[in-house]
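Order of the sequence lines sets the chain letters (A, B, ...), proteins ahead of strands, with each chain counted from 1.
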Amino acid sequence: MNQLLKLPAPRTVAVSHWPEPGDDTAAGPPALPGFVASSFSPLVAVVADRCLRPVYGEPPAAVRIGVVLVTRSGDRVSAEHVRQAVADGKRVGPLYFFQSVPNSVAGQVAAQWGLQGPVVCLSPTAEAHTAGLEQAALLIADGDADQVLVVLVEQAADGDTAEAMLVSGGDSL
Amino acid sequence: MSDQPVSITGLSVLSALGRGAEAQLAAALPGAAAFAEVQRFDTGNRRVSRAAMLADVRSLEEELLDAVTAACAEAGLTVGQRATTPLFLAVHGRSGVRALASKAARIYTSACVSASTAVADAAALIRHGYAERIVVAAGYLVESDQFALFDAGRALSTDGVVRPFSLDRKGLLLGDGVAAIVLQRGEGLAEIAGWGRTGDGYHPCQPAPDGHGLAAAIQCALRKADLPPDVVGYINANATGTGFSDASEAAAIRTVFHGEVPVSSTKAVHGHALEASGLLELVLTVQALREGKLPVNAGFTTRDPDCDLDLILDAPRRATAQYGLTLNAAFGGANTALLVRAG
């Protein structure tokens with residue numbers, strides 16, 4: 001046996017999306033204080049809020065909730081801005097430092113909702129849902145979280161998309 | 001669950017300190033820092049111009065491939081075994097490593113806990129029977145975009161030195177790091193005895209001042225090993241030489257360890273290897289325990305009352321225990337602790 005065996009699939013508690021009916025996709029998600037120029041972090045925040053609020057009401061949620069953020073391309077808009085600024089020999093704005101890794105907005109969600117489970121960011125090697133749910137299953141089964149908020153987010157030329165899933169265990173390992 | 005330990009059976013590493021685990025420790029023991037003026041790209045528009053870079057380094061993908069090959073060879077894997085061993089990769093993104101990324105089972109992009117999270121996940125999967133053997137590889141080579149970002153964020157040390165836990169610490173400096181390890185059941189070079197991953201739930205970019213998240217990660221690692229804190233004879237700290245971050249980590253260590261435990265941060269010599277830092281520092285911790293010599297906390301000048309720890313200063317110390325901890329923390333309030341046994 002040299003391959004990864006499948007863990008027991010976690011149980012889905014709640015799901016949310018961007019866009020949902022009624023969303024203004026041209027305007028994008030609401031701005032997120034502290035994050036600039038790119039829709040990446042606001043997308044994560046809006047689907048996290050939509051997923052957690054029906055279950056937990058107002059923050060805080062339960063403490064032992066982890067955050068797993070799955071994104072193949074990451075914050076493309078910010079990364080391209082930095083790449084161009086460096087190529088042009090210009091300085092980079094300091095806020096781009098703070099949003100330079102997907103951890104930052106995951107931590108923003110965790111701070112807002114009082115989540116103290118693990119924070120894990122992945123670039124999916126297969127289907128994004130599968131990657132996120134397998135990571136969530138491992139964190140729960142290994143005892144580091146009771147629930148995990150899995151967020152999938154991509155910025156694309158044909159429209160931004162994001163999805164959040166709150167999942168629970170599962171059998172213990 | 002298997003009663004057999006999860007062990008490192010092969011490893012490979014490079015940093016500005018050189019190639020190989022022995023070279024890392026040889027430079028780290030006396031605190032021989034590898035920082036120099038950056039020649040790899042233009043820093044003319046930056047506040048800081050120093051980093052720790054290996055002179056003859058090739059592309060990140062080439063170095064990662066070589067590291068995986070070398071680690072698998074040391075572990076005694078056949079070509080067939082290597083081909084069927086899952087690869088967990090810790091990198092900033094796929095750019096520059098696309099061929100290797102296409103072969104990876106998982107790609108971790110969790111900033112400075114990417115590699116340590118990958119190790120924790122791999123160890124958990126092996127211990128609980130979901131995998132027999134996993135390769136974890138991680139890499140960061142200092143480049144212009146991240147350098148510009150850290151410079152813009154005023155995170156880089158303005159005096160050209162990294163001074164973990166020192167009252168006059170002024171920030172971090174970046175450094176090259178590429179490493180790979182083979183993890184599998186049974187005895188090996190070192191055991192991954194326990195691991196913990198937690199979040200602070202405090203701030204997008206700053207650690208909780210009381211270090212509660214990192215303390216919880218340490219306690220989690222000890223709990224998984226079913227061991228008390230007093231078995232730990234060395235802590236390789238995350239300490240980046242950053243004001244609030246080092247103080248938070250010191251608070252976490254004091255929360256868990258009521259006696260004195262020797263502490264040093266080797267980022268003072270090899271710099272911060274970002275996504276690869278957890279694996280580089282794990283290898284250094286293993287090598288220190290195997291050789292029975294603990295590296296100094298370089299760059300230190302002045303005690304900080306907010307970092308009241310048993311720092312290894314002036315000269316290396318002889319290891320008195322088989323167990324060591326390596327700690328990492330990242331943006332997002334992400335924390336990891338890896339408990340290793342070696343020596």
Side-chain angles (χ1 to χ4, degrees), chain A residues 1-7 34-35 60 63 66-67 69 71-74 79 82-83 85-87 89-108 110-111 113-125 131 134-135 138-139 141-145 173, chain B residues 1 42 44-45 81 84-86 92-94 101-102 104-114 117 120-121 124-125 127-134 144-146 148-155 196-205 212-213 216 220 223-224 330-334 336:
Chain A
M1 186 274 290
N2 290 323
Q3 293 153 353
L4 294 176
L5 301 182
K6 296 285 184 195
L7 280 84
F35 296 84
V63 167
V67 181
L69 183 52
T71 176
R72 184 175 179 86
S73 304
V82 171
R83 192 173 300 123
V86 171
K90 296 178 179 172
R91 286 186 175 273
V92 178
L95 287 178
Y96 284 94
F97 172 58
F98 300 109
Q99 66 188 43
S100 62
V101 287
N103 279 48
S104 298
V105 70
Q108 164 72 27
W113 286 90
L115 317 180
Q116 296 180 19
V119 173
V120 181
C121 300
L122 299 173
S123 178
T125 56
E134 285 184 349
Q135 183 67 36
L138 175 58
L139 296 176
D142 197 36
D144 283 4
L173 288 174
Chain B
M1 183 189 300
D42 180 25
N45 210 16
Q81 286 173 323
T84 57
T85 300
H92 185 72
R94 291 163 184 260
S102 71
R106 294 185 179 203
I107 301 174
Y108 292 81
T109 57
S110 302
C112 311
V113 298
S114 297
T117 301
D121 286 0
L125 288 162
R127 177 180 285 183
H128 298 293
Y130 287 87
E132 182 178 299
R133 182 174 60 245
I134 294 172
S144 56
D145 288 7
Q146 290 303 310
L149 283 163
F150 277 79
D151 188 78
R154 295 182 176 260
R197 345 160 176 75
T198 62
D200 285 353
Y202 174 74
H203 189 274
C205 307
H212 67 257
C220 183
R223 194 165 53 246
K224 283 181 179 148
F331 273 10
T336 60

Item to complete: Could you pull out the closest heavy-atom pair between B:G332 and A:V119, with the gap in Å?
Response: O-CG2, 3.7 Å

Worksheet, complete the sentence: Bottom line for A:L115: the part with an atom under 4.5 Å from chain B's heavy atoms is backbone

Worksheet item: Which atoms of A:E134 come close to chain B, meaning under 4.5 Å heavy atom to heavy atom: side chain ones, backbone ones, both, or neither?
Response: both

Practice prompt. Mind running side-chain contact (heavy atoms from CB on, under 4.5 Å) on A:V101 and B:H92 for me, showing each step along the way?
Written response: CA-CA 8 Å; A:V101 287; B:H92 185 72; 4.0 Å; yes

Practice prompt. Take A:R91 and B:N45 through the side-chain contact (heavy atoms from CB on, under 4.5 Å) test and state the conclusion after the steps.
Written response: CA-CA 7 Å; A:R91 286 186 175 273; B:N45 210 16; 3.8 Å; yes

Worksheet item: How far does CG of A:L122 sit from CD1 of B:I107, to the nearest 0.5 angstrom?
Response: 9.0 Å

Worksheet item: Among B:T336, B:D121, B:T117, B:D151, which residue forms the greatest number of heavy-atom pairs with chain A at distances under 4.5 Å?
Response: B:D121

Worksheet item: Considering only heavy atoms from C-beta outward, does the side chain of B:I134 approach that of A:L4 to under 4.5 Å?
Response: yes

Practice prompt. Any chance you could lay out the side-chain contact (heavy atoms from CB on, under 4.5 Å) test for B:R106 and A:L138, step after step, and finish with the verdict?
Written response: CA-CA 13 Å; B:R106 294 185 179 203; A:L138 175 58; 3.7 Å; yes

Worksheet entry | Flag side-chain contact, heavy atom, 4.5 Å: B:L125 against A:L7 | yes

Worksheet, complete the sentence: Pair count under 4.5 Å, heavy atoms only, with chain B: among A:L95, A:V82, A:T71, highest is A:V82

Worksheet item: With a 4.5 angstrom heavy-atom cut-off, which part of B:A216 approaches chain A: side chain, backbone, both or neither?
Response: neither

Worksheet item: Looking at B:G44, B:S110, B:A152, which one has more heavy-atom pairs under 4.5 Å with chain A than the rest?
Response: B:S110

Fill in: Between B:G333, B:A104, B:G213, the one whose heavy-atom pairs under 4.5 Å with chain A are most numerous
B:A104

Response to the item:
On a heavy-atom basis, the closest approach of A:S104 and B:P204 is O-CB, 3.4 Å

Practice prompt. Select, from A:R83, A:R72, A:K90, A:Q99, the one with the greatest count of heavy-atom pairs under 4.5 Å involving chain B.
Written response: A:R72

Practice prompt. Measure across A:P118 and B:R197 and return the closest heavy-atom pair with its distance rounded to 0.1 Å.
Written response: CG-O, 3.2 Å

Practice prompt. Indicate yes or no: does A:D142 engage B:R127 in a salt bridge with an N to O separation below 4.0 Å.
Written response: no

Worksheet item: Checking A:T125 side chain against B:A105 main chain: does a donor-acceptor pair fall under 3.5 Å?
Response: yes

Response to the item:
Closest non-hydrogen contact found for B:A155 with A:F97 is CB-CZ, 3.8 Å

Item to complete: For B:A148 and A:V92, work out which heavy atoms get closest and say how close.
Response: CB-CG2, 4.0 Å

Worksheet entry | Portion of B:Y108 that has a non-hydrogen atom of chain A nearer than 4.5 angstrom | both

Worksheet item: Which residue out of A:A85, A:G34, A:S100 racks up the most heavy-atom pairs below 4.5 Å with chain B?
Response: A:S100

